[in-house]
Colleague: 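I have a structure here, written as structure tokens, and I will follow up with some questions on it.
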Amino acid sequence: MSTPRDAQADWLRHVLEDKNTEQSPAPLYAWTAANLPGLKKAAAAAPSSGTLSTTADASAGPDDELRRRIFILGVGNLGRLFASSLVKLRRPGSPPPPITLVVHRRELLERWHANPGIEITRGGRVERSCVDVDVEWWTEERPVSGPLREPGAGRGISNLIVATKAKDALPQADRLRGYLTSKSTVAFTQNGMCPMWPPRGPEYSAHRWPAGDGPNWIACITTHGVISLAPFQSVHASQAFISVGPVLLNSHQPGDDSPATYLIDQLADAPHLDGKSVSRGDLWVLQLEKLMINSIINPLTALLDCKNGELFTAHAQDGAIGKVMDSLIQEASRVFQALVLNKKISSEILGEEYVADEKSLKGLLDRLSFDSLRTMVLDVGFKVRENTSSMLQDVRAGRTTEIRAFNGWLVETAALLDPNLRLLTHENLIVLVEAGTRLKLGTPETEQLLSQL
């Protein structure tokens with residue numbers, strides 16, 4: 001019961017096989033209600049970012065409004081949470097950032113203009129926001145009526161938050177590469193590891209932007225619990241925090257002068273997100289720890305069709321579930337420690353001085369040890385015991401799960417580091433979840449199957 005491994009991720013292989021590095025992708029059209037014949041009246045009354053045409057001179061660079069505008073690609077739970085928080089941002093001496101929500105289906109654009117706004121239920125109270133934000137649908141389909149516009153009015157996208165599912169995040173950003181420049185910042189919000197970390201991120205960026213003028217890449221680690229009720233409606237089930245920081249910045253404007261600083265600051269200061277800005281090295285370690293938690297709680301709850309807390313009862317921990325968890329943690333710890341000890345990768349992320357310092361290196365290896373990670377899993381499990389994992393929500397809704405972004409990342413990274421480093425428990429868990437296996441908690445059959453992982 002195992003799943004194939006490959007040292008090179010499928011997404012990277014697909015990109016590197018594309019030899020048209022000098023050719024921009026096909027243009028996209030930014031549809032608004034003005035492009036929907038049945039909604040022309042609504043469009044006339046609705047706000048629009050369409051004051052900039054597709055014929056604008058791209059060499060002129062974005063004006064101040066475009067420089068500050070934040071595009072949020074994906075309007076699922078995280079997209080709603082980020083949009084409804086950013087729209088409330090008030091900073092002394094600075095206007096709130098203009099927001100554009102980008103939907104992935106025409107039907108969502110129609111639905112929005114029939115009933116605009118995002119509803120977030122928080123503490124039993126329904127909060128409605130984003131009524132006046134711009135909403136667009138980006139597609140290769142050319143409108144037959146209304147204005148012809150491209151994303152960012154064809155002048156580039158300064159700030160893009162990618163809030164899609166993990167498997168779609170890089171492909172969607174890659175689709176927009178013709179609108180991304182050295183002055184652009186792209187933020188990934190997905191669970192799992194940001195795809196732009198070394199060594200694969202720099203390979204991708206160098207292939208797509210051979211002149212070194214690619215965008216700045218940042219990532220958010222989100223610990224909030226959000227549950228979907230309907231399109232544009234979510235429950236903020238558990239309020240926590242986000243950590244945001246740089247992953248891969250270009251060298252055109254380094255440090256505090258980087259365009260990434262603007263989006264990082266907006267996310268760190270937005271209400272309800274309880275955000276903090278962290279260094280690149282801290283972000284990497286925090287993402288490793290978060291991925292480890294996701295690779296355990298998410299697939300096990302999806303497999304057992306249970307709330308998070310049912311994995312952490314005394315009975316579960318004393319039985320097969322506890323043993324499987326220990327095996328998953330042990331395998332993850334081996335990968336993390338191998339990453340840290342791979343000086344080519346860790347030096348690029350943490351810095352050569354950090355990796356050369358024995359005390360710092362030992363402290364990080366201890367932090368990523370089995371004992372430390374197990375303590376973290378039990379602590380987080382208690383805090384989120386009343387939550388339903390995102391993977392179980394996906395399974396119940398018939399959607400593809402993100403197990404490849406969690407357990408699959410660990411398996412692929414192990415193969416990249418050492419062909420002999422096998423993660424059999426993670427591999428077997430991937431097979432079960434992708435096969436749609438559903439087990440009943442506490443039965444002898446379930447205990448027996450889990451004991452074979």
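The structure presented is a predicted model; accordingly, all values stated were derived computationally and were not measured. Positions are given from 1, in the same order as the sequence printed here.
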Colleague: Quick one: does Gln190's side chain have a donor or acceptor within less than 3.5 Å of a partner on Thr164's backbone?
Modeller: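 Pair found, side chain donor or acceptor close to backbone of Thr164.
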Colleague: Could you tell me which residues satisfy salt bridge (charged side-chain N to carboxylate O under 4.0 Å, His left out) with Lys344, sequence neighbours excluded, listed by chain and number?
Modeller: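 With neighbours one apart ignored, the set is empty.
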Colleague: Looking at Glu289 and Arg367, does any basic side-chain N land under 4.0 Å from a carboxylate oxygen?
Modeller: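 Salt bridge between Glu289 and Arg367, a charged N being under 4.0 Å from a carboxylate O: yes.
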Colleague: For a quick test of reading the model, state the closest non-hydrogen atom pair linking Pro151 to Leu28 and the distance between them.
Modeller: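 In terms of heavy atoms, the two residues are closest at CD-O, 3.4 Å.
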Colleague: For Arg90, does the CZ atom sit with more than 12 other heavy atoms under 6.0 Å from it, leaving out its own atoms?
Modeller: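 Atom CZ in Arg90 is crowded, with more than 12 foreign heavy atoms closer than 6.0 Å.
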Colleague: Flag the pair His272 / His236 as yes when their ring centroid distance falls below 6.0 Å, and as no otherwise.
Modeller: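 Between His236 and His272, which both carry aromatic rings, the centre distance is not below 6.0 Å.
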Colleague: Counting only N and O atoms by type, is there a donor-acceptor contact under 3.5 Å from the side chain of Gln317 to the main-chain atoms of Gly322?
Modeller: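 No, the answer is negative, given that no donor and acceptor are paired below the 3.5 Å cut-off.
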Colleague: Kindly say whether Leu273 contributes a backbone atom to a donor-acceptor pair with the side chain of His224 at under 3.5 angstrom?
Modeller: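 Checked: pair present.
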Colleague: Is Arg422 salt-bridged to Glu427, going by a charged N under 4.0 Å from an acidic O?
Modeller: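 So Arg422 pairs with Glu427 through a salt bridge.
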Colleague: Tell me if a side-chain donor or acceptor on Asp394 pairs with a main-chain N or O of Arg399 at a distance below 3.5 Å.
Modeller: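 A pair under 3.5 Å: no.
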Colleague: More than 12 foreign heavy atoms under 6.0 Å from CD of Gln448: is that the case here?
Modeller: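 Atom CD in Gln448 is not crowded, with 12 or fewer foreign heavy atoms closer than 6.0 Å.
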Colleague: Between Arg404 and Glu434, does any NZ, NE, NH1 or NH2 come within less than 4.0 Å of an OD or OE carboxylate oxygen?
Modeller: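 Between Arg404 and Glu434 there is a salt bridge, with a charged N closer than 4.0 Å to a carboxylate O.
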Colleague: Using atom types as modelled and distance alone, determine if a side-chain donor or acceptor of Ser85 lies under 3.5 Å from a backbone N or O of Pro271.
Modeller: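 Yes: the side chain of Ser85 pairs with the backbone of Pro271.
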Colleague: For Lys323, is there an ion pair with Glu447 - N to carboxylate O distance below 4.0 angstrom?
Modeller: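 No.
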Colleague: Tell me whether the guanidinium CZ or amine NZ of Arg67 lies under 6.0 angstrom from the six-membered ring centre of Tyr262 and within 45° of its axis.
Modeller: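 Yes, a cation-pi geometry.
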Colleague: Quick one: does Arg69's side chain have a donor or acceptor within less than 3.5 Å of a partner on Ile99's backbone?
Modeller: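 It does hold such a pair.
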Colleague: Could you work out, with salt bridge (charged side-chain N to carboxylate O under 4.0 Å, His left out) as the rule, every residue matching Asp379, not counting sequence neighbours?
Modeller: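 Listed in chain order: Lys383.
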Colleague: Using 30° and 60° as the class boundaries, would you call the ring planes of Phe336 and Trp409 parallel, tilted or perpendicular?
Modeller: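 Judged by the thresholds at 30° and 60°, the geometry between Phe336 and Trp409 is tilted.
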Colleague: Are there over 12 heavy-atom neighbours, none belonging to Gln239, within less than 6.0 Å of that residue's CD?
Modeller: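 Counting neighbours around CD of Gln239, more than 12 heavy atoms of other residues, nucleotides or ligands fall under 6.0 Å, so yes.
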Colleague: Specify the closest pair of heavy atoms between Gly192 and Leu291, including all atoms of both residues, with the distance to one decimal.
Modeller: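 In this case the closest contact between Gly192 and Leu291 is CA-CD1, 3.7 Å.
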Colleague: Counting only heavy atoms from other residues, nucleotides and ligands, does the tally under 6.0 Å from CZ of Phe382 exceed 12?
Modeller: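 No, CZ of Phe382 has 12 or fewer neighbouring heavy atoms, counting only those of other groups under 6.0 Å.
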Colleague: Between Arg177 and Asp174, does at least one N-O distance fall below 4.0 Å, as a salt bridge requires?
Modeller: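 A salt bridge is present here (some side-chain N lies under 4.0 Å from a carboxylate O).
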Colleague: Is the side chain of Asn407 donor-acceptor paired with the backbone N or O of Ser295 at a distance under 3.5 Å, no angle test?
Modeller: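 Side chain of Asn407 to backbone of Ser295: a pair is present.
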Colleague: Decide, yes or no, whether a salt bridge links Arg122 with Glu127 under the criterion of side-chain N to carboxylate O below 4.0 Å.
Modeller: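 Salt bridge flag = yes for Glu127 with Arg122.
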Colleague: Return the CG to OG distance between Leu328 and Ser333, rounded to the nearest 0.5 Å.
Modeller: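 Reported to 0.5 Å precision, the distance equals 12.5 Å.
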Colleague: With salt bridge (Lys or Arg N to Asp or Glu O under 4.0 Å) as the criterion, how do Glu348 and Lys343 come out once you've worked through the C-alpha distance, each side chain's angles and the decisive distance to 0.1 Å?
Modeller: CA-CA 8 Å; Glu348 186 173 350; Lys343 292 189 177 180; over 6 Å; no
Colleague: Taking the six-membered ring for Trp, are Phe71 and Trp138 closer than 6.0 Å centroid to centroid?
Modeller: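 Ring-ring flag for Phe71/Trp138: true, centres closer than 6.0 Å.
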Colleague: With rounding to the nearest 0.5 Å, note down the distance linking OG1 in Thr446 to CG in Leu450.
Modeller: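 Answer rounded to 0.5 Å: 6.5 Å.
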Colleague: Does Asn250 use its side chain to pair, donor to acceptor, with the backbone of Ser182 at less than 3.5 Å?
Modeller: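 At least one qualifying donor-acceptor pair exists.
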Colleague: With a 3.5 Å distance limit and no angle check, can you tell me whether Ser372 reaches the backbone of Asp366 through a side-chain donor-acceptor pair?
Modeller: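 Yes, Ser372 side chain to Asp366 backbone: donor-acceptor pair under 3.5 Å.
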Colleague: Do the side chain of Gln393 and the main chain of Thr388 share a donor and acceptor less than 3.5 angstrom apart?
Modeller: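 Looks like yes, one N/O pair under 3.5 Å.
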